[in-house]
K.L.:
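Can you keep this structure in mind? I'll have questions shortly.
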Amino acid sequence: MSKYREMEFSHAVWSVTKKIPKGKVATYSGIARIIGRPKAARAVGNALHVNPFAPVVPCHRVVKKSGQIGGFAGGVKKKIKLLKKEKIKVIKGKIVNFSKVLANF
DNA sequence: GTCGTGACTAGCC
DNA sequence: CGGCTAGCCACGA
């Protein structure tokens, strides 16, 4: 019986996001699935959007399932820049070698 | 307790 | 390719 008390959901999201290896990325639905809510991709985005650990959690490593960047609190441009710093190629807000940089938990 | 919103996804045209 | 709809979940007012 999984009792999601308080904001354990959001907490789990940040926890998983912090576990993303460098140079790799994860998807919203993927994270949602890991924490036990495969259909809570939206909630995941919400948690990251309001996450108090903005500079601590590599939220820029979280993208859509289609390989699209999605959004980022502060500017998608910055997100792309950060991803490129991680050796991840991004073109027009979309990851090129998405399948190769996708972290497989 | 209900309503609206959002960094999502999949399907349809 | 782009736009719209429906379903899903969590949070704040």
Side-chain angles (χ1 to χ4, degrees):
Chain A
M1 58 167 144
S2 38
K3 29 197 153 152
Y4 275 108
R5 239 161 259 247
E6 319 270 328
M7 323 153 231
E8 182 155 354
F9 178 83
S10 306
H11 194 276
V13 174
W14 309 326
S15 207
V16 175
T17 306
K18 280 192 284 191
K19 278 152 92 159
I20 300 174
K22 192 176 185 236
K24 301 246 175 155
V25 298
T27 63
Y28 296 100
S29 61
I31 294 172
R33 186 152 82 115
I34 295 163
I35 63 181
R37 294 287 186 278
K39 308 210 170 162
R42 253 172 139 169
V44 173
N46 265 347
L48 288 173
H49 189 208
V50 301
N51 83 75
F53 303 101
V56 182
V57 177
C59 14
H60 60 269
R61 285 188 194 145
V62 185
V63 297
K64 294 196 187 180
K65 205 165 187 204
S66 311
Q68 198 98 36
I69 296 298
F72 186 63
V76 182
K77 252 183 159 124
K78 192 142 183 116
K79 188 164 181 176
I80 295 170
K81 203 171 181 164
L82 288 164
L83 288 170
K84 285 183 131 193
K85 244 173 185 259
E86 308 272 321
K87 308 292 177 226
I88 298 173
K89 290 176 190 342
V90 181
I91 296 178
K92 285 175 194 333
K94 143 173 49 170
I95 295 179
V96 180
N97 41 357
F98 176 57
S99 313
K100 314 205 162 179
V101 298
L102 182 58
N104 211 346
F105 287 94

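Just so it is clear: chains get the letters A, B, ... in the order the sequence lines come, proteins before strands, and each one is counted from 1.
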K.L.:
Quick check against the 3.5 Å criterion: does A:Lys79 have a side-chain atom that pairs as donor or acceptor with the backbone of A:Gly71?
P.N.:
yes

K.L.:
Calculate the interatomic distance between A:Asn51 atom CG and C:dA10 atom C1'; express it in whole Å.
P.N.:
14 Å

K.L.:
Decide yes or no on side chain to side chain contact (heavy atoms under 4.5 Å, CB included) for A:Asn46 and A:Val50, but give the supporting numbers first.
P.N.:
CA-CA 6 Å; A:Asn46 265 347; A:Val50 301; 5.7 Å; no

K.L.:
Applying side chain to side chain contact (heavy atoms under 4.5 Å, CB included) to A:Ile69 and A:Leu83, what does each step give before you reach the verdict?
P.N.:
CA-CA 10 Å; A:Ile69 296 298; A:Leu83 288 170; 3.3 Å; yes

K.L.:
Among residues at least two apart in sequence or on other chains, which ones pass side-chain hydrogen bond (donor to acceptor under 3.5 Å, both in side chains) with A:Arg33?
P.N.:
none

K.L.:
Assign each of A:Val50 and A:Lys39 to its nearest nucleotide of DNA chain C by heavy atoms, then name whichever residue's nucleotide is nearer the 5' end.
P.N.:
A:Lys39

K.L.:
Over how many whole Å does the gap from A:Arg42 atom CZ to C:dA10 atom C1' extend?
P.N.:
11 Å

K.L.:
Could you write out DNA chain C as dot-bracket? Rules: Watson-Crick or G-U wobble, both distances under 3.5 Å, brackets [ ] for crossings, | for pairs with another strand, dot for unpaired.
P.N.:
.||||||.|||||

K.L.:
Testing A:His60, A:Lys77, A:His49 one by one against A:Phe72 for a side-chain contact (heavy atoms from CB on, under 4.5 Å), which residue passes?
P.N.:
A:His60

K.L.:
Among the clusters formed by ILVMFWY side chains lying less than 4.5 Å apart, do A:Leu82 and A:Ile20 turn up in the same one?
P.N.:
no

K.L.:
Would you say A:Val76 and A:Val25 are hydrophobically clustered, going by side-chain heavy atoms of ILVMFWY under 4.5 Å?
P.N.:
yes

K.L.:
At the 4.0 Å heavy-atom cut-off to chain A, mark where contacts on DNA chain B begin and end, going 5' to 3'.
P.N.:
B:dG6 to B:dA10

K.L.:
Please state how far atom OH in A:Tyr28 lies from atom P in C:dA10, giving the value in whole angstrom units.
P.N.:
17 Å

K.L.:
Taking the six-membered ring of A:Phe53, is the NZ or CZ of A:Lys18 close enough (under 6.0 Å from the centre) and on axis enough (within 45°)?
P.N.:
yes

K.L.:
Take the protein atom NZ of A:Lys65 and the nucleotide atom C1' of C:dG7, then report the distance between them rounded to whole Å.
P.N.:
15 Å

K.L.:
Let me know the distance between NZ of A:Lys94 and C1' of C:dC1, rounded to the nearest Å.
P.N.:
10 Å

K.L.:
Please give, in whole Å, the distance from C:dC9 C1' to A:Ile31 CD1?
P.N.:
14 Å

K.L.:
Within the structure shown, what part of the strands sits under 4.0 Å from A:Ala41 by heavy-atom distance: base, sugar-phosphate, or nothing?
P.N.:
sugar-phosphate

K.L.:
Just N and O in the side chain of A:Arg37: are any of them under 4.0 Å from OP1 or OP2 of C:dC8?
P.N.:
no

K.L.:
Can you tell which of A:Val63, A:Val96, A:Ile95 makes a side-chain contact (heavy atoms from CB on, under 4.5 Å) with A:Ile88?
P.N.:
A:Ile95

